[in-house]
Amino acid sequence: MSMMASMNPAIDDWRGKYVWIIGASTGIGAATARQLLVKGAHVAVSARRQDALDELARSEPQAQMLPVALDVTDHASIVRARDAILNGWPRIDMVLVVAGGYSEMRADSFDLAAANQLIDLNLRGVFNCLDVALPLLLRQGSGGIGIVASVAGYGGLPKAMVYGPTKAALINLTESLYFDLHPKGIAVYQINPGFVDTPLTKGNDFPMPELMTAPQAAQQLISGLERGAFHIHFPRKFTNSLRLARLLPYRLYFWLIAKVTRL
Ligand SMILES: NC(=O)c1ccc[n+]([C@@H]2O[C@H](COP(=O)([O-])OP(=O)(O)OC[C@H]3O[C@@H](n4cnc5c(N)ncnc54)[C@H](OP(=O)(O)O)[C@@H]3O)[C@@H](O)[C@H]2O)c1
């Protein structure tokens, strides 16, 4: 791999591309689906709520979005969804795993059942999707897989004692996948949003710096895919500050994050 080349192939035309977005009934996934459809891609959208997916598909009547329900914690439902999609499509060029949840947790209110639930969704759910998507992509020897992690995976943050580790694991996972898939012609994207105004962040009772709208986040996400970036993160000022903080000695890192978050 040349050190100067982009880490994944650039995409300059979405027409004729088949994109499956998992976790697309609301928020970043739904906005990404809408924008890719407008750019001419074939888009299949998945999440648990069929009614929300149908509604999303109806809201974009200019082109056909394919709504296919699944639950990422239920492996068989992902297999059924893949089969349903491939019933109508010749292939799947790109799988974007966006599905995820958030629940804040601190050491003095640790809830093992809630922790396991979040791990099942944010981490095991992604592995369930990989198990279904990887054989497809490997057989094709083309296409790509993008996984939405979070800036919360860069380093430990207050209130994120379960969410943070699930997202840190996804960051590590995409790095590991890149070693295996890039040589086989398959693109891998690590996608780390900062704060985005979606149902996921509705309950946050603290100020969210540099909060973006879901369409803004989708635009950044798609622009990263088009550039052929591996590490797609936004908004840059916020994500780069966190990445820089991560390089500080721990003593300074803990001091800075506590001061900035007041948590
Ligand atoms: N918003 C932020 O500030 C932010 C920041 C960093 C990272 N992220 C990450 O971005 C991703 C999308 O979040 P969002 O902010 O767009 O939130 P969102 O609007 O709540 O979207 C989450 C999506 O995942 C789906 N989903 C949830 N559980 C599922 C399951 N078991 N099986 C299949 N689909 C499931 C939801 O649909 P159903 O309920 O219909 O299943 C929904 O479509 C998440 O991974 C999140 O961690 C968000």
Side-chain angles (χ1 to χ4, degrees), residues 20-35 43-57 65 67-82 95-104 116-129 132-133 146-155 157 159-160 162-171 173-174 189-204 206-221 224 231-235 238-239 242:
W20 183 15
I21 308 181
I22 301 175
S25 59
T26 54
I28 300 166
T32 304
R34 280 202 172 97
Q35 291 180 24
V43 181
V45 284
S46 291
R48 288 166 304 177
R49 287 167 298 152
Q50 182 76 54
D51 53 343
L53 296 171
D54 291 341
E55 172 79 35
L56 173 67
M65 211 186 274
V68 188
L70 57 73
D71 184 331
V72 294
T73 65
D74 172 5
H75 183 271
S77 76
I78 310 172
V79 173
R80 282 196 300 274
R82 176 204 59 197
V95 180
L96 296 177
V97 187
V98 188
Y102 173 76
S103 59
E104 66 174 54
N116 281 332
Q117 223 174 15
L118 200 59
I119 293 166
D120 279 346
L121 170 57
N122 285 5
L123 190 52
R124 291 203 179 89
V126 175
F127 281 105
N128 286 337
C129 293
V132 176
I147 295 176
V148 174
S150 168
V151 294
Y154 288 149
L157 295 172
K159 285 190 171 184
V162 184
Y163 182 75
T166 64
K167 296 301 188 178
L170 294 184
I171 287 175
L173 169 63
T174 54
Y189 309 95
Q190 178 194 113
I191 301 157
N192 296 326
F195 287 112
V196 185
D197 186 13
T198 69
L200 184 127
T201 47
K202 276 279 175 284
N204 286 355
F206 51 87
M208 292 182 271
E210 313 261 339
L211 183 69
M212 306 174 86
T213 65
Q216 285 169 337
Q219 201 184 359
Q220 293 287 313
L221 193 165
H231 183 198
I232 300 172
H233 56 103
F234 47 83
F238 179 61
T239 53
L242 279 172

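Start at 1 and go down the list; that is how both ligands and their atoms are numbered. The residues of the chain are indexed from 1 along the displayed sequence.
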Around ligand 1, what residues show up once you keep those with a heavy atom under 4.0 Å from it? Gly23, Ala24, Ser25, Thr26, Gly27, Ile28, Ala47, Arg48, Arg49, Leu70, Asp71, Val72, Val98, Ala99, Gly100, Leu121, Val148, Ala149, Ser150, Tyr163, Lys167, Pro193, Gly194, Phe195, Val196, Thr198, Pro199, Leu200, Thr201
Within-4.5 Å side-chain heavy-atom neighbours: Gln117 and Leu121: no
With side chains defined as the heavy atoms from C-beta onward, is the minimum distance between Leu56 and Met65 less than 4.5 Å? yes
With sequence neighbours left out, what residues match Asp54 under salt bridge (charged side-chain N to carboxylate O under 4.0 Å, His left out)? none
Counting only heavy atoms from other residues, nucleotides and ligands, does the tally under 6.0 Å from CZ of Phe206 exceed 12? yes
Do Thr174 and Ile147 come within less than 4.5 Å of each other through their side chains, counting heavy atoms only? yes
Identify the heavy atoms of Gly224 and Ile232 that sit nearest to each other, and give their distance. C-CD1, 3.5 Å
